[in-house]
Amino acid sequence: MSLMAPVKDGQFVTDTSSTEESKALKGGKESSLDKEAFLQLLVAQMRYQDPLEPTSNTEYVSQYAQFSQVESLQNMSGSMDLQRASSLVGKDVYVRSTNTKGQTDYFYGRVDYVTYEGGKAYLYINENKYSLDELETIVDPTYYEAYNLATDLVTGINKLPYLGSIDLSDGEAIDELKEIYDGMNDYQKTFVAKEKVETLQKYVDKIAELRKLAGEEKPDAPEEPEEPKDENDGLGDE
């Protein structure tokens, strides 16, 4: 089948109706074609078909059936995306976004609500809009907390000076790291490598040794003062 149109000065001439059809085909998005635009395309094919070799009605029906099938699949996919996005409300996630320099940034937050616009689902995190396609990871809050605690602890251990060169001035930092580790539950401690725990203990033992040699001890928590006793407490009525 060939499309036919008037020609003037070696160029095709389009009338107003064909121009409107072209706009409808674009639909503002070159990658999409809705049902109305598809019907207008069929009309354009019928209008400009070769009268000597006309397209059969069966072919038109077949094209429309194929388009309807694709449209149904797209609608089904959109519905599934919306359901998936809705299930993320209230959950903590990582999303990726490309900045103006073409670099990929990652953002963490809780999905507050979702919207469905132009056949696509969007996630709103801290009032920022992200496409469902930008979803990177769904994060369990317990896991996220344990991961951050372990990361902070290991980073702190790595920042300590060489074990043989520490002095009393490093005691506060070592005490803080030991306090972080002791405050972690069993699940959180599984995020810390065994060798890092052993390294921390070596620093704890070393600073305790230095304090002992210097006649210092790690300050204990101050005891609460005893409440004054009532002079009449325990005395019977005269």
Side-chain angles (χ1 to χ4, degrees), residues 81 84-115 121-227:
D81 285 346
R84 181 188 175 199
S86 299
S87 68
L88 296 174
V89 174
K91 293 187 177 181
D92 297 330
V93 299
Y94 270 107
V95 292
R96 63 181 182 277
S97 180
T98 304
N99 58 30
T100 55
K101 297 180 179 180
Q103 300 173 336
T104 300
D105 297 323
Y106 292 89
F107 301 93
Y108 172 83
R110 179 164 297 181
V111 179
D112 299 317
Y113 59 95
V114 301
T115 60
Y122 293 91
L123 310 176
Y124 279 81
I125 304 172
N126 297 327
E127 294 304 321
N128 293 317
K129 179 181 178 182
Y130 301 94
S131 168
L132 182 61
D133 297 334
E134 296 175 314
L135 175 66
E136 183 69 19
T137 309
I138 303 173
V139 185
D140 176 67
T142 304
Y143 171 91
Y144 184 73
E145 180 183 8
Y147 177 83
N148 284 338
L149 277 174
T151 300
D152 292 342
L153 178 65
V154 172
T155 300
I157 294 174
N158 292 338
K159 288 182 178 180
L160 292 174
Y162 175 66
L163 182 63
S165 64
I166 67 170
D167 54 34
L168 294 176
S169 63
D170 299 309
E172 184 177 354
I174 296 173
D175 292 340
E176 290 179 355
L177 293 173
K178 184 66 165 62
E179 184 177 352
I180 291 175
Y181 182 76
D182 291 341
M184 298 170 70
N185 58 39
D186 292 339
Y187 172 71
Q188 293 167 343
K189 288 180 179 179
T190 62
F191 284 71
V192 185
K194 182 180 179 180
E195 55 269 21
K196 289 299 179 181
V197 178
E198 294 174 348
T199 299
L200 175 60
Q201 188 59 49
K202 291 179 181 179
Y203 279 95
V204 172
D205 295 341
K206 183 66 174 180
I207 198 67
E209 180 182 346
L210 293 176
R211 284 169 172 164
K212 185 176 181 179
L213 292 174
E216 298 181 8
E217 295 291 341
K218 179 182 176 181
D220 298 326
E223 298 181 358
E224 296 182 0
E226 296 182 359
E227 297 182 1

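Under a cutoff of 6.0 Å and an axis angle of 45°, K129 and Y124 do not form a cation-pi pair.
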Exercise. Is there a side chain to side chain contact (heavy atoms under 4.5 Å, CB included) between I125 and V95 once you walk through the steps?
Worked result: CA-CA 9 Å; I125 304 172; V95 292; 3.9 Å; yes
Problem set entry | Chi angles and distances behind the salt bridge (charged side-chain N to carboxylate O under 4.0 Å, His left out) call for R96, E134 | CA-CA 5 Å; R96 63 181 182 277; E134 296 175 314; over 6 Å; no
For this session: Test side chain to side chain contact (heavy atoms under 4.5 Å, CB included) on E136 and Y130 and set out the steps.
Result: CA-CA 11 Å; E136 183 69 19; Y130 301 94; over 6 Å; no
For this session: Decide side chain to side chain contact (heavy atoms under 4.5 Å, CB included) for D140 and D92; before the verdict, give the C-alpha distance in whole Å, the side-chain angles of both, and the deciding distance to 0.1 Å.
Result: CA-CA 7 Å; D140 176 67; D92 297 330; over 6 Å; no
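No side-chain heavy atom of V89 sits under 4.5 Å from any side-chain heavy atom of D112. Under the 4.5 Å side-chain criterion, counting only non-hydrogen atoms from C-beta, L123 is not in contact with N128. Counting heavy atoms from C-beta on, the side chains of V93 and L135 come closer than 4.5 Å. Taking the side chain as every heavy atom from C-beta outward, Y203 and L160 approach each other to under 4.5 Å.
When all heavy atoms of S131 and Y122 are compared, the closest pair comes out as CA-CD2, 3.7 Å. I157 approaches K196 most closely through the heavy-atom pair CD1-O, 3.7 Å.
Taken to the nearest 0.5 Å, the OG1 atom of T137 stands 9.0 Å off from the OH atom of Y143. Between I174 atom CD1 and L200 atom CG the span is 8.0 Å, to the nearest 0.5 Å. Taken from NZ in K189 to CG in L153, the straight-line distance is 10.5 Å, to the nearest 0.5 Å.
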Can you give me every donor-acceptor pair (side chain of residues 181-188, partner residue at least two apart or in another chain, under 3.5 Å) with its distance?
unit_1	atom_1	unit_2	atom_2	d
D182	OD1	K178	NZ	3.0
D182	OD2	K178	NZ	2.8
N185	OD1	Y187	N	3.1
N185	OD1	Q188	N	2.7
Q188	OE1	N185	N	3.0

Would you mind writing out the side-chain donor-acceptor pairs for residues 163-171 within the sub-3.5 Å range, not counting sequence neighbours?
unit_1	atom_1	unit_2	atom_2	d
S165	OG	Y162	O	2.9
D167	OD1	S169	N	2.9
D167	OD1	S169	OG	2.3
D170	OD2	D167	N	3.0

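Checked against side-chain contact (heavy atoms from CB on, under 4.5 Å), Y144 has the following partners two or more places apart in sequence or in another chain: Y94, Y108, V139, N148.
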